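The block underneath contains the structure these notes are about, expressed in structure tokens.
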Amino acid sequence: MTEAGSGPTGGQGQTMPLLRARALCKTYGTVQAVRGVNFRLDENSYVTLLGPSGCGKTSILRMIGGFEEVSEGMLELDGKKINDVSASARPINTVFQSYALFPHLSVLENVGFGLRYKGLSRKEEREKARAALETVQMSAMADRRPRQLSGGQQQRVALARAIANEPRLLLLDEPLSALDRRMRKDMQIELKDLQRRLKMTFLHVTHDQEEAFALSDWIIVMRDGIIEQQGAPDTIYRRPETAYVADFIGGAACVPGKITDTAIGAYEIETPLGQFATPGVRGLKAGSPAVLCLRPEQLFLDPQGRISARVTHAVYRGAEWLVEAEAAGITLALTVGHDDVPEIGAEIRIGFDPAQVWIARTEAERRADRATEAKP
Amino acid sequence: MSLRVGTLLAAPVTAFLLALCVAPLLILFAYSFFRVDFVAISYDPSFANYAKIAGSATYRGLILKAFGSGALVVAITAVIGYPVAWFLAKRAGAMKSALLTLLLVPLYSGDLVRVFAWRVLLGAEGVINRSLIWAGVTDAPIQGLLFSPLATHIALTYNYLPFMVIGLWLAFESLDDAWLEAAADLGARSPSRFARVTLPLTFPGLVAGGLMVFVMVVGDYLTPQLLGGASGITVISAINDLFGTAFDWPLGSAIAWTMLAILMAFFAMGAMLIRRSSLVGGS
């Protein structure tokens, strides 16, 4: 993975990055959890590491935090290598997935824990801890023990404890996974708001793509220890580079096909559903295989539509219905309004705006690219 | 209804404990206020026995020695037990149950067997002295090894170390590594992490293990008797003598109850320390 795709146009600046990972690797025994990733974190940004469990995102976070050794490659903070700097000496703090609040200390003592190493007076320590608690609206709980708090409250205390030290970089390890849906939505808004107010850099690990979109200025999509794609949320959503990203991010149906013509602004692709002229990722050549990504919200019922399909499922989703239909052996999903739900087994015609859909690389192509990239 | 059934079921056990455990202690307590009149016990209550204990340098010394020994062995077992318990809980992995069993094996052998094993090791003609002479470190056997306070305390430490390790091991098992990572993350280096996280969070285990070791060392009679030589006289052996040859049950009872009261005070303190340390209280 080169960094060409994450240039200034993508939303990351030309200035010195806060943190840079170069060919970062993590190996546990014979298992390669992280296989040579490159990325940068800018000052005052909210970045998400997004991927399914086991994709290496947590290993990356733990290496940055200093809890795991870097197997290969380099981590730089403000341009200086920090591979061998101990966790206690890094100006980086973490909100742990389990919160890891000290059970023998009060909420205030928890938040003030790290301030002991800042050379402050006890009075200043307390004031700073109180201010951090104020930031997360937990001042009223200062004298409680962590065990006497709800999950959401513990989460806030863990956040206050991490920001009290005024780190250069805040790491969040699936911080919202233990909360219920309602609380998760509220905390998402608060996290984003907090990051804007503090102007701190947040690196957030999650497997929830909705969460990533709600929070991030920059999303790094991971899979099997490598970066599948990174970019601004809008880029990730609208211009997925691979079939995997298109599927993981928006549940797109990826229709396999072959590029028949390349022109400026659009490709011609031949698929079992027909021939279409749509935009797509750069660098595809005529004759090469590719996938046409069709998201449920881009497809609609249309009597003049070019795709003929048979309805197989219809799932009620509250705001609308999700209808699955089969066309030429390919399952397509589309959202349909309450009044237009077709019966199961019915023949329907589906249309879409070719300018709005996208062509991505196939997984096989992607892997072949990686193999050539890996060689120096 | 269920409460009544429960009370009924618990009644035999309660009666059993009252009759066989509490009652004898209460009888001893009553005796401690009586006096021996030549060869008969005079049932004339007074605090004379307690006054005698308080006034006698010998008894005060023996009591102090017992608690001193207890404290010393608790300290030594804590220092040895801490890393052992940490290793068992955090590093032993698949070996854990095997190592725990190994730790307990000495307890399965009898007290006497262990004591005589130490005699074989420490004696003038014992393994250690013979080896030292063979190696040329010394010409004559070191005499202080056996029949000395040193021998007593080595054996006591050996005997009761497993109890300290078990207490600490349980505490380490419930010590989440994430707490230590959080402490490091917040800037605490290793010594600070130990002082501010590991020690306070394993403290209940230290208190529990410490109390067990303390009580058993204070009450140990055999080990000092058989390994201590001239130093082997303990407050327990004094009580034994008073009940036996000296036929002074009242004084013996008074000393026993003095010991019991002090031990109970220690227990109360330990219970309070554990309660204050958050791990038990306030959920």
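Reminder, nothing fancy here: chain letters follow the sequence lines and each chain counts from 1. Only a predicted model underlies this, so the values are computations on that prediction, with no experimental measurement involved. Note that these values count all heavy atoms, side chains included, but never hydrogens, waters or copies made by symmetry.
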Let me know if [X] has heavy atoms under 4.5 Å from chain B in its side chain, its backbone, both or neither.
X: A:Phe113; answer: both
X: A:Ile92; answer: backbone
X: A:Ser98; answer: side chain
X: A:Arg62; answer: side chain
X: A:Asn93; answer: both
X: A:Leu101; answer: backbone

Legend entry - Parallel, tilted or perpendicular: ring planes of A:Phe96 versus A:Phe67, cut at 30 and 60 degrees: tilted

Inset, instruction - Taking the six-membered ring of A:Phe102 (Phe, Tyr or Trp), confirm whether the NZ or CZ of A:Arg161 is under 6.0 Å from its centre and within 45° of its axis. - result: yes

Legend entry - Cation-pi check, A:Lys26 onto A:Tyr28 ring (under 6.0 Å, within 45° of axis):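 Yes, a cation-pi geometry.
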
Legend entry - Heavy-atom pair count under 4.5 Å with chain A, highest-scoring of B:Ala183, B:Ala178, B:Ala188: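 Highest number of pairs under 4.5 Å: B:Ala188.
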
Inset, instruction - Run the salt-bridge test on A:Lys128 and A:Glu124 with the 4.0 Å N-O cut-off and return the result as yes or no. - result: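 Answer for the salt bridge query: no.
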
Legend entry - No-hydrogen, no-angle side-chain donor-acceptor test under 3.5 Å, A:Ser139 and A:Glu134: yes

Legend entry - Ring centers of B:Phe87, B:Phe172 separated by less than 6.0 Å: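 Aromatic pair excluded; centres sit 6.0 Å or further apart.
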
